[in-house]
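Data block below; observations after.
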Amino acid sequence: EILRCLVGSEMCIRDSRRAMRNVVTIPHNSIAVPTELLYPFLFPYSSRSFDFVHAARTPFEKGYGSCVCFDRFIGQCDGFVRSVALLLLFSTVPAARDRLYTPVSAAALVRIMWEGNFMEILIAIFIVACPCALGLVTPVALMRGIGKAARMHILIKDSLALERLSKADIVVFDKTGTLTEGHPTVIAWLWAQCQEEYFKEVLLAAEMNSTNSLATAISTALREEGITPARLDVCEVLKGKGMRVVYKDAEYWVGSHKLLKDYHVYLSDVLGDMLVEYESEGNSIVYFGRKNELLAIIAVKDQLKAAALGTVRELRASELDICMLTGDGERTASTIAGKLGIIRYMPDALPDDKETFIRELQLQGKMVVMIGDGINDVQALTCADVSIAMGENPDDATVEKTMVVMKSSDLQSLPKLFGLSRHTLRLMHQNSFWMVIYHLIGVLIAAGILYPVYGILLTPMLAAIVILLSCVTLIRS
């Protein structure tokens, strides 16, 4: 419905600060105003002089100007809508625009799109603006990522790992059981002393008390020879080095080359040359001695995993730096690193050394991922930004301290895990963006932006359905 004020209609001269009674003729062309926009909210009027005053121009003629007077209409409109006419009419005069009160203008401009029950529209807006789906974006994406990882035989214990993997800078590998098969075998015995029968019995008894994979290989080899373990008086674990035992009041030790320094053992040139040959082939060396004398050297071979080289290359192609930590000597570590194309490595690494290495990288501002399988890796795994235990039978303490457990020893799952992390984070950002857009559009429709053109207005029931659809869409995405 349109009310039209034609040239020659009666006008009421009125100012916003005072009211004057007079009748004039409109000196302008006809003015067309929709009925839903008429409203006398901003200016007082006298119902005794004129029944209803609805819309006005600011004073501009003879110091006062003119007001449009529409009789018998104001009673047909609710109290808030009609003020919009004043805003529209005042906007044609610059001086009046400057005098409009901003909050009232904003409220009127929003309300111009509204019709019907104010509370229903307000409730619909609040319902559509509810960020239910936004609250589901992160847990739904993480749940989906954790589920996909489980299908790859990867247990993600801490969802934070899935987010951090996509931001990782450096991947640090422990060598034994991670880059290698973890099933070493004894390939050579070098006896430095005349071999006594009970030497192997003492050695077997000592290695049976160790969980190290090299000790397991030696124990297996001795059992295959039919050796039975000796009854030891004392057995002690030397953290990161090996074992110390006492048999018939004599002290024996077995472990890494660091024990040679601890017991001040001299290594002959002949044995030294043979060690160089074995270490250059990437074999691990275990030393067995009594007090300050060397009894035997055992060479143990642990094959590199077939997928190790391809995994390292794939991770480097993803702009990740690769490091390797190992308790083996310099020559063995250098050989293994060279085969895999790893530039940065640390030989002779004790558990404390591994932890220090990780913390130094973090002080450089790097996001560090540590991958290990044994008790010697627990300290490094605990302080890393993302800790991954790998292997078919990882140590229980290692599993307890890590954020991710790879049930399979297949290294090819590792690049897939990093790819899954990046996909999950991308999905979170993508869903967050579209949910914000979805709710923003919903709020605008609920506010009535489409009503003047298409007559579309959301009721609270429809708004609830819109929210439900957003949640369903998010879950299905």
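Values reported hereafter were calculated over all heavy atoms of this structure, with side chains retained and with hydrogens, waters and symmetry mates removed.
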Taking K305 first and then E181, would you say they form a salt bridge - that is, a charged N and a carboxylate O separated by under 4.0 Å? no
Got a sec: does the NZ of K157 have more than 12 other heavy atoms crowding it under 6.0 Å? yes
Pairs of donor and acceptor atoms involving the side chains of residues 222-233, under 3.5 Å and at least two apart or interchain, shall be tabulated with distances.
| from | atom 1 | to | atom 2 | distance (Å) |
| --- | --- | --- | --- | --- |
| E225 | OE1 | K200 | NZ | 2.8 |
| D233 | OD2 | K248 | N | 3.0 |

Test item: V172 and M324 side chains (from C-beta on) under 4.5 Å apart, heavy atoms: no
Residues in side chain to side chain donor-acceptor pair (under 3.5 Å) with D169, at least two apart? none
Would I336 and L304 count as a side-chain contact (heavy atoms from CB on, under 4.5 Å) here? Give the steps. CA-CA 8 Å; I336 298 297; L304 283 173; 3.9 Å; yes
Taking E251 first and then R244, would you say they form a salt bridge - that is, a charged N and a carboxylate O separated by under 4.0 Å? yes
Please work out which of the three classes, parallel, tilted or perpendicular, describes the rings of Y252 and Y198, given edges at 30° and 60°. perpendicular
What orientation do F199 and W191 show, parallel under 30°, tilted 30 to 60°, or perpendicular over 60°? parallel
For a quick test of reading the model, state the closest non-hydrogen atom pair linking A333 to T326 and the distance between them. CB-CG2, 3.6 Å
Please tabulate, for side-chain N and O atoms in residues 264-276, each donor-acceptor pair with protein atoms closer than 3.5 Å (sequence neighbours left out).
| from | atom 1 | to | atom 2 | distance (Å) |
| --- | --- | --- | --- | --- |
| S268 | OG | L271 | N | 3.4 |

Is there a donor-acceptor pair under 3.5 Å between the side chain of D353 and the backbone N or O of L350? yes
On a heavy-atom basis, the closest approach of A384 and I358 is CA-CG2, 3.9 Å
For D348, give me all partners under side chain to side chain donor-acceptor pair (under 3.5 Å), at least two apart in sequence or on another chain. H257
Is E355 salt-bridged to R359, cutoff N-O under 4.0 Å? yes
Sorted by chain and residue number, the side-chain contact (heavy atoms from CB on, under 4.5 Å) partners of K261 (sequence neighbours excluded) come out as none
For E207, does its backbone N or O pair with a side-chain atom of S210 as donor and acceptor, under 3.5 Å? no
N/O donor-acceptor pair under 3.5 Å between S421 side chain and L162 backbone: yes
Does any N or O in the side chain of T216 come within less than 3.5 Å of the main-chain N or O of N212, such that one atom is a donor and the other an acceptor? yes
Which heavy atom of G182 sits nearest to which heavy atom of D302, and what is that distance? N-OD1, 3.1 Å
Salt bridge (Lys or Arg N to Asp or Glu O under 4.0 Å) pairs touching residues 312-340, sequence neighbours excluded, are K175-D328, E279-R331
Quick one: are M152 and L420 in side-chain contact, heavy atoms under 4.5 Å? yes
